[in-house]
J.: 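Input: one structure, supplied below.
Every chain is numbered from 1 and lettered A, B, ... according to where its sequence line falls, protein lines coming before strand lines. In what follows, every heavy atom counts, from backbone to side chain, and hydrogens, waters and symmetry copies are set aside.
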Protein chains: 12
Amino acid sequence: MRVLVLHGPNLNMLGTRETGIYGTGTLDEIDAELEKLATELGVEVECFQSNSEAALVDRLQGSRGRVHAIVFNPAAFTHYSIVLRDAVAGLGLPVVEVHLTNVHAREDFRRQSVVAPVAAGQISGFGSDSYLLGLRAAVALASREAAAGV
Amino acid sequence: MRVLVLHGPNLNMLGTRETGIYGTGTLDEIDAELEKLATELGVEVECFQSNSEAALVDRLQGSRGRVHAIVFNPAAFTHYSIVLRDAVAGLGLPVVEVHLTNVHAREDFRRQSVVAPVAAGQISGFGSDSYLLGLRAAVALASREAAAGV
Amino acid sequence: MRVLVLHGPNLNMLGTRETGIYGTGTLDEIDAELEKLATELGVEVECFQSNSEAALVDRLQGSRGRVHAIVFNPAAFTHYSIVLRDAVAGLGLPVVEVHLTNVHAREDFRRQSVVAPVAAGQISGFGSDSYLLGLRAAVALASREAAAGV
Amino acid sequence: MRVLVLHGPNLNMLGTRETGIYGTGTLDEIDAELEKLATELGVEVECFQSNSEAALVDRLQGSRGRVHAIVFNPAAFTHYSIVLRDAVAGLGLPVVEVHLTNVHAREDFRRQSVVAPVAAGQISGFGSDSYLLGLRAAVALASREAAAGV
Amino acid sequence: MRVLVLHGPNLNMLGTRETGIYGTGTLDEIDAELEKLATELGVEVECFQSNSEAALVDRLQGSRGRVHAIVFNPAAFTHYSIVLRDAVAGLGLPVVEVHLTNVHAREDFRRQSVVAPVAAGQISGFGSDSYLLGLRAAVALASREAAAGV
Amino acid sequence: MRVLVLHGPNLNMLGTRETGIYGTGTLDEIDAELEKLATELGVEVECFQSNSEAALVDRLQGSRGRVHAIVFNPAAFTHYSIVLRDAVAGLGLPVVEVHLTNVHAREDFRRQSVVAPVAAGQISGFGSDSYLLGLRAAVALASREAAAGV
Amino acid sequence: MRVLVLHGPNLNMLGTRETGIYGTGTLDEIDAELEKLATELGVEVECFQSNSEAALVDRLQGSRGRVHAIVFNPAAFTHYSIVLRDAVAGLGLPVVEVHLTNVHAREDFRRQSVVAPVAAGQISGFGSDSYLLGLRAAVALASREAAAGV
Amino acid sequence: MRVLVLHGPNLNMLGTRETGIYGTGTLDEIDAELEKLATELGVEVECFQSNSEAALVDRLQGSRGRVHAIVFNPAAFTHYSIVLRDAVAGLGLPVVEVHLTNVHAREDFRRQSVVAPVAAGQISGFGSDSYLLGLRAAVALASREAAAGV
Amino acid sequence: MRVLVLHGPNLNMLGTRETGIYGTGTLDEIDAELEKLATELGVEVECFQSNSEAALVDRLQGSRGRVHAIVFNPAAFTHYSIVLRDAVAGLGLPVVEVHLTNVHAREDFRRQSVVAPVAAGQISGFGSDSYLLGLRAAVALASREAAAGV
Amino acid sequence: MRVLVLHGPNLNMLGTRETGIYGTGTLDEIDAELEKLATELGVEVECFQSNSEAALVDRLQGSRGRVHAIVFNPAAFTHYSIVLRDAVAGLGLPVVEVHLTNVHAREDFRRQSVVAPVAAGQISGFGSDSYLLGLRAAVALASREAAAGV
Amino acid sequence: MRVLVLHGPNLNMLGTRETGIYGTGTLDEIDAELEKLATELGVEVECFQSNSEAALVDRLQGSRGRVHAIVFNPAAFTHYSIVLRDAVAGLGLPVVEVHLTNVHAREDFRRQSVVAPVAAGQISGFGSDSYLLGLRAAVALASREAAAGV
Amino acid sequence: MRVLVLHGPNLNMLGTRETGIYGTGTLDEIDAELEKLATELGVEVECFQSNSEAALVDRLQGSRGRVHAIVFNPAAFTHYSIVLRDAVAGLGLPVVEVHLTNVHAREDFRRQSVVAPVAAGQISGFGSDSYLLGLRAAVALASREAAAGV
């Protein structure tokens, strides 16, 4: 089983920007934690970050047939990118939306996710653990689909 | 370490009501899964369900000094019970809000949680796995607080 | 055939509070009228009033398999109790929402019912006749379901 | 005692259009059921359908002094015809608003009635029974007014 | 100079319906007052009332080339009939919107006029005097246009 | 009979500012027209302009017992000065709100008048004629009140 | 194959009213263009205009079994006539909504169509070409339904 | 004279929860201050706290004929409990709404009180002094009613 | 200790305008009551009324260093004068907002106070007692600040 | 004459994603149909798809002087890309907005187009025929501009 | 060339009130900086502060023919004084709106300026530099108008 | 000191598109003016334009440690690109938002900037001077930060 972990815009700056909000861990550290958990769970992960909506769309479209589930942190695109929403909706794969911070405890506009209605579920507020829990969720969903012969 | 799992109103009917939305598993089965995972993680869980806002408030208030974290599915109270919000806000314990269904993919009024802004984070959409992931998140948060000597 | 008549909060004060709005009849008088009509229609009614959301939820949940239809005046809960909405939605029984007053001719907030979308129908504005019409409607719905072998 | 039953636009197509929503009974069948109940109740009914707002206004205006109460299904006009609202408000007769379907469980715009605030009450969701219950309600209101010498 | 006075729906009931709001004068009495003022001002008036949106549209369309200005009380249509708005906008004649009552001191929905933005001006709140002032305004506007050779 | 004509802020610039919107006539010319009409109608007028909300309030308060009616163009205060609204509401005199332009055909914020709900009526869109019609309306209202012995 | 072309209110004034917005072509010219294209496409068209909502409803209801598709310009009714919406929804025929002007580039209220959600599609902004494109679309839809044996 | 002081949900935690917002005084200390002031004013007070909406309703209903006024801090229920609003409205006793904190300076949702429109008045922002001022206000209101023989 | 009592616009008319809403007491009577209570409490009060926003601002600005607290009834300015809000916010003195009437039980626009978020607290609905309670609150706040050496 | 056909994001997945909504035809098939119609109409088309907002902007900007009209399906960008709106507005070429589906019959957010107000017109709901009709419309617009010597 | 610098309400308290938000510089210091820059730019400035809306209006009206441009900080009036907006709109002079703070980063109500739509431009967030930049902008605008012979 | 000037989408078309709104100057001319002013101020500027959100993000991220301040015209991204907002927020550099036109005097959607709350300040409405003033502002901010040893 193979899981794509997709990091949205500005996440490449993790650990350097607004550390009061996002913490001091870097994206590489998160990816390493994910690799470690993947090994534990007996699955493969591939991690990809981009600041570009189009690159994220391309990666989502290209994941069909290649991965069994996706862990997706759309970052700021969460709140307005209907293009990403449609890319997710068209995939036919379980997508788990994750956020480092508790988006419900920040600015009003962060409470709305245009991606969530087409994702399988959402995990927010646990820092890098949001990704690890997201990977567990993704694996569980993909396993269930595999078991069901979907 | 001890974690309280709090089930809100109508969850006692799980497995019998609206199975198309909530699935056929019962609350006892979820509690059993939680017990099993708790054992694995080396923590204790106590589970409590109530249809009563006041009973849930009492349980939240009474958990201070008795548990280290809480996994809370406020069910329909999620969307309007400011009383529960204030009870959570006043606790000084990490509270993980969980939902069986993807509340963002249902009726509009289910997209708003009055509890979320005072919770540590939110997990929704993974059926009984929402609880299991919530337990992991709660344990992680409590461990971190313990480590930090909070 | 058995019909539960459920009276929401403050209805126990009927005939004493705000008689300009709600009239001078008491709840006991309404229950007596309902008993009389039930006899006429050849059905049984049981009447229950509570000021407690949880008690109303418990009664709704407990009515499954015991009654064939419900006449429900959620009173002030009409406008915000999603807990009661979910309890109604999960019942699998025809529920007729009734109101003594014309809720559409009062304060703005009384025009919205969170229960109505999951009820079979709504009757409002006819004083105690709202209940009597509600009983007729409930009996008709239950008879039809019985006839259809639902 | 005489009761006018007023059917709004598109109700002449009943039984042929959108039968999934409105059922397969025709307007003639509803009128026949009304006649039968009227006989039972010892009152007279006259039924009138029109697709024209002006014709409905004319009929409402013309009913003064001729009938003692009105059962009115404004259909799609319910949601915007302030002209009909004003015609009802100016009548000085009890008007019972009825709807075949549960308007609160359909599109958002169907939840608002501009007529309801000036009607005596509203009955919705019981198919042709909405009319029968409406006739009972209208007769009760007119009897009460007669008794009070209004 | 010739002025059309157009009375909207339910105004034929003036003096009989809701006299607490609209007064006890009849439409014929208003028309007589208008005739008298017209004579004083040396102009002709023609008065027309209809409950039908289409009839009002037809009369507006037909007034081109026949009258020099219009005094229009759209009554309840004021608040939603975009059809009448478009009919007025397309006329190329000064139209004075009048209302018997102070629409700004009644229900919220009466504060909005969809006709006003395409009318020359609006007069409301002076009972039958609204019409008389409206006739004066219409004559002044038409005289000015005549003087300007429009 | 004596009528106060009250001109709100910026009206002293009439004829010089935004002549495309407000025309080229000056406030003195309007006052002269008002004087002339007053003579015709056998009443006295006094005209007062101020850019100051407080001065307008003072003049309104001071008019009690001195004048029989008021013609008031609150200009830009129309849309937000609740202080002026309360001053008008407390007067116990008929106040006619007038506007040179058709406020309903301009910016959205000009469609709302906080003064209108406590005025007797409103006249807008007829240039200086709005004042003349307003004077006629004021005189009529005051005459009626005098006749009624108010 | 037979197509009904339905013109809403005020369209009879085309070429004479607001030519800056709607152009100088008349409705007869549009009907002639439609006839010509119909001949080209080997279908029949019938054209009907009315200022009356009821007449448009009657024509829509009467078109069942007589025509295979409808091209409908509801004009100002587009924005509020739920009666027409329900008439369209109940037809079971493909209805193509057309507008001469780009309704999205005009007043805010013209951006909303209550008819569009129950139409097959919408074409707006191309002057009389909107009708011609609409006829092509209608013929294509009807042909496809015919081919599918609907 | 006897005054009921009613404390809403979570107020039992006063002095322990969110002391940055609510201060470090306990509810018992507030009750003691109230007792002391009551003695000074020559009245009796009874204090009651509950986390339960139903218990608060019961206490309000039961206070009729037993007390002469009520000081009520509905806490989080302030913002949504229409049940409590209706219980207050039906009492026929002066009810003074009090809040420890300045609810207008906190989250947006705390600015709205569904209870306030049916209370006699509201006092907020003075910590435990809000209760003391509330008691004075309640005694004054009850004295006035007594004097007026209400 | 010295307290400024500031009365906003139209309050000079107290006892004469809208006595049904504001009562028959005059402002002088309120000031006298305040003087009396001040003597009782061993403090000095100075009272000032103005219809002018600027005069109120000047008085607020000038009170720094001269008084220890302020009781402020902004009257109609409550709902829109951000200038007064900013003047209050910049003072560094405890300001108690008071209202004679229960602003929450009147027109919608009176429920919003732009001043409240920067005031210490708010007291409304108790007639002249609102001022007396406000004076007590102001004295308590100033005493506490004095005690704390602020 | 040359027409650019611009396909927005995710349209490259046509025929594979959400076929229940978008059908099973591929983008290549649509392009082939367009080529065929272009030949018929004696014009040239060039087709371009991109998931990138910037690439679409570049192509729009680069089309000036190269093509005479544009058929543009902005897909999900329709609802928020003000960048594309501004690119279209700045072109000085007729742009026809097309949509495969009836965007007015889907989620609320799809009813708003930020591009439409600056496009010449909009065609939606006819599947691949939307493009063909769009090509006809574009050619007609460009021909008219050519004829007018624009 | 002569530029008027207009300071709105509460700005006379600069350097003493809310220094955390507005800094410790005084208005005199800002005026001195402006004088210095004016000398540099070869223009004259006159500075005027008032807490009174009317005084600001008078100064704006009086500046016609006396100055060539205006730098205006309407302070709290920015958000509601339509009177000032109209005074600015009627001037026919370039007006540069300036703010010390970044109004977009503060309370929601500070994001809206009713003056901005009629100003030439807006500069906010740079402390006293906002004024200096404003002066430069004003001089540039006036020079351009002079050059164009406006 | 080094300042980055960042031009958003469609600004490369300056001087050619919508010259009625944006003027006839080109972006190169603006850059040249900026270079000239930079020399005057003794600083360096680098200018960069892109139609791509991702490219703008990359440039913002890459500017850390390379420049001391940024002048940013986000153009159409101003109104929705939360990605750019987050990139700005994470920079830790003073960012001055500039706009050629007065965005407050155009379409409603242009009045909202999602970037402004995280920028240092905003300058709009002065054509190319907006950039020049922005450069001065940026240099002043950076100098102050340098002076403060930030």
J.: Please rank A:V98, A:L132, A:I123 by heavy-atom pairs under 4.5 Å with chain B and give me the top one.
T.: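 With the most close heavy-atom pairs to chain B, the winner is A:I123.
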J.: Heavy-atom pairs under 4.5 Å with chain A - which of B:L133, B:L141, B:V118 has more of them than the others?
T.: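 Of the candidates given, the most pairs with chain A belong to B:L133.
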J.: Does any non-hydrogen side-chain atom of A:V95 lie less than 4.5 Å from one of A:V115?
T.: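 The answer is no, as the side chains (C-beta and beyond) never meet within the 4.5 Å cut-off.
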J.: Starting at CG of B:L93, measure out to CZ of B:F72 and round the result to the nearest 0.5 Å.
T.: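 Here the rounded value is 13.0 Å.
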J.: B:V45 and side-chain contact (heavy atoms from CB on, under 4.5 Å): which single residue from B:V71, B:L135, B:V67 fits?
T.: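 Running side-chain contact (heavy atoms from CB on, under 4.5 Å) over B:V71, B:L135, B:V67 with B:V45 returns exactly one hit, B:L135.
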J.: Roughly how far apart are B:L60 CG and B:F48 CZ, rounded to 0.5 Å?
T.: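 The distance works out to 9.5 Å.
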J.: Could you pull out every donor-acceptor pair under 3.5 Å between chain B and chain A?
T.:
| from | atom 1 | to | atom 2 | distance (Å) |
| --- | --- | --- | --- | --- |
| B:N102 | ND2 | A:A116 | O | 3.0 |
| B:N102 | ND2 | A:A119 | O | 3.0 |
| B:H104 | NE2 | A:Q122 | OE1 | 2.9 |
| B:R111 | NH2 | A:S113 | O | 2.7 |
| B:S113 | O | A:R111 | NH2 | 2.7 |
| B:A116 | O | A:N102 | ND2 | 3.0 |
| B:A119 | O | A:N102 | ND2 | 3.0 |
| B:Q122 | N | A:S124 | O | 2.9 |
| B:Q122 | O | A:S124 | N | 2.9 |
| B:Q122 | OE1 | A:H104 | NE2 | 2.9 |
| B:S124 | N | A:Q122 | O | 2.9 |
| B:S124 | O | A:Q122 | N | 2.9 |
| B:D129 | OD2 | A:R144 | NH2 | 2.7 |
| B:R144 | NH2 | A:D129 | OD2 | 2.7 |

J.: Out of B:P117, B:A116, B:A119, which one racks up the most heavy-atom pairs below 4.5 Å with chain A?
T.: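 Most pairs with chain A among the choices: B:P117.
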J.: Over all heavy atoms of both residues, which pair between A:A138 and A:A69 is shortest? Give the atoms and the distance, please.
T.: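 Residues A:A138 and A:A69, closest heavy atoms: O-CB, 3.7 Å.
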J.: To the nearest 0.5 Å, how far apart are CD1 in B:I70 and CG in B:L4?
T.: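 CG of B:L4 is found 5.0 Å from CD1 of B:I70.
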J.: Taking atom CG of B:L56 and atom CG of B:L6, what is their separation to the nearest 0.5 Å?
T.: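 If we round to the nearest 0.5 Å, B:L56:CG and B:L6:CG are 5.0 Å apart.
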